[in-house]
Each structure stands twice: as structure tokens, then as C-alpha cells.
Amino acid sequence: MDLPTLIARWSGKLPEGFVPPAILRQAPAPECSLKRCRRPAAVKKDGTFAHACQKCLDRRAASCRRRRAALAAEGGCRRCAYRKRLEGDFLCQRCRDDRDVERAQKRRDAIEAAAIDEFAAKPDKAHRASNLDIGLSPWNARSKPQATAAYWSPLPDPEPREEREWAKPLWDDGWRYRRC
């Protein structure tokens with residue numbers, strides 16, 4: 001960072017030769033993209049422009065609602081309106097599965113919320129119970145049993161190793177240990 005900018009930052013004054021950025025005017029809203037409509041486009045919730053004006057968006061939504069109601073009246077699913085209903089039901093198989101998943105998720109969320117509420121409702125304990133309450137501490141506790149030397153020492157051989165002929169192969173003549 002150069003010295004004039006550092007001094008300007010400390011003092012709060014603009015350095016010499018500083019050009020403030022140009023203030024750009026807000027671009028006008030684009031026109032509605034539907035035919036024979038020249039109104040400005042609607043603004044979405046996130047601040048961006050929609051493709052059509054609010055009046056055209058409302059008209060299209062009403063048209064979709066009428067179309068879905070007509071399809072549901074002809075035997076389509078009441079939720080999506082496009083697929084055929086199951087026998088004796090008002091939902092198609094896909095919407096029924098989606099609804100079951102949503103219900104299971106709501107059930108899990110309710111159980112978790114109840115557990116959190118139950119935990120929050122418990123009073124904060126100033127004292128947490130431990131072994132110290134009964135006079136048991138790491139310093140006066142009974143020590144863990146230690147293995148003795150007799151535990152680690154090998155058992156004596158029941159018979160001398162030389163007399164164990166069953167441990168030697170029949171055809172071994174020690175050829176591995178001879179030098180040529």
C-alpha cells in the first residue's frame with residue numbers, strides 16, 4: 001500500500017488524484033416477454049426481474065389452475081393432475097410416495113423438536129453426580145490387577161525337546177544347514 005493511501009485511510013481524507021467511481025443509473029426494467037404486452041417485467045422476491053409482467057404472470061397461473069382442475073376432474077391425480085389416480089385413491093403412486101416421504105420427514109422433525117424441548121426444559125444442574133460423591137477417587141480406588149511374572153513366563157516343556165520325535169520330519173537329514 002502506498003503512503004498517500006495509508007495517510008488518507010488514517011486521516012479519513014481522500015488522497016490527491018483520487019477519482020470517485022461513477023454512479024451508474026439503474027437500468028430500466030425489461031419489457032414483458034409475452035406477445036402484445038409492453039408493460040415492464042415484474043420484480044421477483046430476490047430482486048431480479050421476471051420474464052413477464054405481474055398481470056401476465058397472474059393470467060398464466062390462473063390458466064394453469066383451470067387446466068389442472070380439468071385434468072383432476074377427468075380422473076387425474078389431485079396433486080399433480082397429470083398421472084392417473086390409483087384405484088380408490090385421489091393420488092397417483094408417485095405423489096403418494098412423495099407425500100409419505102414428506103410425512104416421515106415431518107414426523108422426524110417433530111420428534112427431534114420434542115427431544116430438544118425436553119432437554120431445554122430440564123433445569124441446569126449446578127452439580128453433576130460422579131464417583132467422588134461416594135468417596136471414590138483415582139487416588140484411593142482399588143488398583144487394577146496386574147499380571148505377575150508367573151503369568152508371562154512360559155510353561156515348562158512336559159518332555160525334553162530332543163525326545164519329541166513326532167516334531168521332526170521323517171526325511172529331514174539337515175541338508176539345509178550343510179555347506180557344499
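Using a 4.5 Å heavy-atom cutoff, the side chains of R67 and L71 are in contact.
Summarising the local packing, CD of E165 is surrounded by 12 or fewer heavy atoms from other residues, nucleotides or ligands at distances under 6.0 Å. Around CZ of R94, the count of heavy atoms belonging to other residues, nucleotides or ligands within 6.0 Å does not exceed 12. Around the NZ atom of K106, the shell of radius 6.0 Å holds no more than 12 heavy atoms that belong to other residues, nucleotides or ligands. More than 12 heavy-atom neighbours from other residues, nucleotides or ligands sit within 6.0 angstrom of CZ on R164. Other residues, nucleotides and ligands place more than 12 heavy atoms under 6.0 Å from the CZ atom of R176.
Remark: S137 pairs with L132, W139, N140 by the side chain to side chain contact (heavy atoms under 4.5 Å, CB included) rule, at least two apart or across chains. With sequence neighbours excluded, no residue forms a salt bridge (charged side-chain N to carboxylate O under 4.0 Å, His left out) with R103. The salt bridge (charged side-chain N to carboxylate O under 4.0 Å, His left out) search around E112 returns none, not counting sequence neighbours. The salt bridge (charged side-chain N to carboxylate O under 4.0 Å, His left out) search around R79 returns E102, not counting sequence neighbours. For D89, the salt bridge (charged side-chain N to carboxylate O under 4.0 Å, His left out) criterion is met by R96, not counting sequence neighbours.
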Requested in this report: Step by step, work out the side-chain contact (heavy atoms from CB on, under 4.5 Å) result for C95 and R83.
Outcome: CA-CA 9 Å; C95 289; R83 287 180 290 277; 4.0 Å; yes

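Of all heavy-atom pairs spanning A147 and W152, the tightest one is CB-NE1, 3.4 Å. Of all non-hydrogen atoms in C80 and Y82, the two that sit nearest each other are O-CD1, 2.8 Å. Of all heavy-atom pairs spanning F90 and R85, the tightest one is CA-CD, 3.4 Å. Closest heavy-atom contact between P40 and C53: O-CB, 3.3 Å. The two residues A42 and L57 make their nearest non-hydrogen contact at CB-CD1, 4.2 Å.
Under the salt bridge (charged side-chain N to carboxylate O under 4.0 Å, His left out) criterion, the residue pairs touching residues 30-54 are E31-R38, with sequence neighbours excluded.
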